[in-house]
There are 2 protein chains.
Amino acid sequence: MKKDNLIDVVMEKIKEKGGRVTIQRLAIINVLLKLDHPTAEEIYQFMRNEFPTLSFTTVYNTLHSLHEMGILREYRFGEASRFEMAETNHHHFLCQKCGGMKDIEDSNITVHLDEKLSRHYHILNTEVVLKGLCQDCMGEGI
Amino acid sequence: MKKDNLIDVVMEKIKEKGGRVTIQRLAIINVLLKLDHPTAEEIYQFMRNEFPTLSFTTVYNTLHSLHEMGILREYRFGEASRFEMAETNHHHFLCQKCGGMKDIEDSNITVHLDEKLSRHYHILNTEVVLKGLCQDCMGEGI
DNA sequence: ACTGTAAATGTAATAATTACAAATAAAATT
DNA sequence: AATTTTATTTGTAATTATTACATTTACAGT
Ligand SMILES: [Mn+2]
Ligand SMILES: [Mn+2]
Ligand SMILES: [Zn+2]
Ligand SMILES: [Zn+2]
């Protein structure tokens with residue numbers, strides 16, 4: 001999806017949910033498009049130069065409200081939460097050494113759920129988490 | 001596996017790694033066999049009556065060292081880490097409403113990884129995380 | 001029993017996140 | 001365009017989970 005178009009979609013979704021389109025929200029969306037699974041701290045530090053008046057609390061508030069609106073996803077692997085746009089479904093690889101989190105395209109993994117699972121759970125999302133060593137960390141042990 | 005036998009296996013594994021078999025470690029292993037994905041806090045509270053001299057720090061220390069020894073697994077979904085014995089591989093369901101974490105038997109899900117993934121990563125573990133609503137929370141929205 | 005040292009303990013410190021009250025500014029209404 | 005409403009931002013303080021550290025205890029080898 002083209003970036004400007006995606007921003008429009010996000011703005012629309014915010015309005016749908018009765019939220020307000022603020023420069024802080026739009027700015028954070030733009031940062032999420034640039035950084036790879038950033039933490040709240042990483043987002044804040046990245047924005048400080050261009051946006052010195054931004055409050056760290058606003059970063060948390062915004063990430064939380066955008067998450068509630070279904071606009072982004074939150075992952076709580078590592079010690080700090082990491083965020084990304086909720087666009088497409090995909091899987092993740094977690095490096096046990098450096099803590100890195102890499103996207104794995106949906107097409108690279110096939111998952112089949114036994115149909116009896118849906119009798120016990122209302123499943124909204126299926127995601128595979130691979131753990132191991134990334135290319136940078138290979139050949140050094142854990 | 002029979003429980004006493006499992007304890008023996010754990011003791012053996014601790015010794016293999018050059019660790020010491022302490023009553024705290026054995027007690028915490030026993031708690032992990034009773035509780036379902038407990039947090040450090042839940043383990044500590046569960047043990048306080050029978051073991052009033054136990055330190056909360058020891059719970060953390062023990063969970064950490066047993067994890068390092070490969071005896072248990074740590075999951076950092078929710079705000080606090082949750083722990084379980086590392087016996088068999090299985091998958092998990094996370095309820096978006098109550099935060100509950102349920103085991104899904106390995107046999108209920110089949111996962112196929114594209115072979116080209118192993119050219120980029122050294123994959124040690126594959127786990128599926130299902131998100132949705134558990135039976136208790138169904139029919140109440142998110 | 002003696003001894004070396006890993007582990008346990010208690011307290012203090014840190015890191016991530018949240019709570020709260022006051023100030024600001026979207027956006028609806030006039 | 002001015003006014004109004006109230007969601008959001010901001011700064012600070014509080015909370016929660018976890019870790020650091022110095023001291024004491026006790027596992028396990030001799
Ligand atoms: Mn991703
Ligand atoms: Mn489990
Ligand atoms: Zn790595
Ligand atoms: Zn539930």
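Labels below follow one simple rule: chain letters A, B, ... track the order of the sequence lines, proteins then strands, and each chain is numbered from 1.
Out of D:dT10, C:dT9, D:dA7, the shortest distance to the side chain of A:Arg20 is found at D:dA7. Taking the side chain of A:Arg76 as heavy atoms from C-beta on, and the options C:dT17, D:dT18, C:dT9, the nearest nucleotide is C:dT17. Residue A:Ala80 places its side chain closer to C:dT17 than to any other of C:dT17, C:dT18, D:dA17.
For an aromatic pair to be called close, the ring centres must be under 6.0 Å apart, and B:Phe83 with B:His37 fails this.
The side chain of B:Gln24 places an N or O atom within less than 4.0 Å of a non-bridging phosphate oxygen (OP1 or OP2) of C:dT9. For A:Tyr60 and C:dT17, the shortest distance from a side-chain N or O to OP1 or OP2 is below 4.0 Å. The side chain of A:Thr57 places no N or O atom within less than 4.0 Å of a non-bridging phosphate oxygen (OP1 or OP2) of C:dA19.
Going from atom CG of A:Leu26 over to atom C1' of C:dA25 covers 14 Å, rounded to whole Å. Nucleotide D:dC27 holds its P atom 11 Å from the CE atom of B:Met11, rounded to whole Å. Between B:Leu54 atom CG and D:dT24 atom C1' there is a gap of 16 Å when expressed in whole angstrom units. Rounded to an integer number of Å, the gap from A:Phe56 CZ to D:dA13 P is 17 Å. Whole-Å rounding puts the B:Met47 CE to C:dT9 C1' distance at 14 Å. To the nearest angstrom, C1' of D:dT18 lies 12 Å from CD of B:Glu41. If you measure from atom CD1 of A:Ile23 to atom P of D:dT10, you get 8 Å, rounded to the nearest angstrom. The interatomic distance linking A:Glu79 (CD) with D:dA17 (C1') rounds to 12 Å, in whole Å.
Contact annotation for A:Thr62: backbone-only contact, meaning every heavy-atom pair under 4.0 Å involves sugar-phosphate atoms and none involves a base. Contact annotation for B:Thr53: backbone-only contact, meaning every heavy-atom pair under 4.0 Å involves sugar-phosphate atoms and none involves a base. Among the heavy atoms of the strands lying under 4.0 Å from A:Thr22 are primed sugar atoms or P, OP1, OP2 only; no base atom is included. If you check every strand for non-hydrogen atoms under 4.0 Å, A:Gly18 touches nothing.
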| request: Under the salt bridge (charged side-chain N to carboxylate O under 4.0 Å, His left out) rule, what do B:Glu68 and B:Lys17 come out as? Steps first, then yes or no, please. | output: CA-CA 10 Å; B:Glu68 296 261 289; B:Lys17 309 277 178 178; over 6 Å; no
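Looking only at side-chain heavy atoms (C-beta outward), A:Lys97 and A:Leu133 come within less than 4.5 Å of each other.
The base of C:dT17 has none of its N or O atoms less than 3.5 Å from a complementary donor or acceptor on the side chain of A:Ser81.
Atom NE2 of B:His90 sits in a crowded spot, with more than 12 heavy atoms from other residues, nucleotides or ligands closer than 6.0 Å.
For B:Lys15 and B:His64, each mapped to the nucleotide of DNA chain D holding its nearest heavy atom, the one lying further toward the 5' end belongs to B:His64. Looking at which nucleotide of DNA chain C each of A:Ala40 and A:Asn61 is closest to, the 5′-most match is held by A:Ala40.
Checking B:Ser81 against B:Glu74 by side-chain atom types alone, a donor-acceptor pair falls below 3.5 Å. Residues B:Arg73 and B:Asn89 bring a donor and an acceptor atom of their side chains to less than 3.5 Å of each other.
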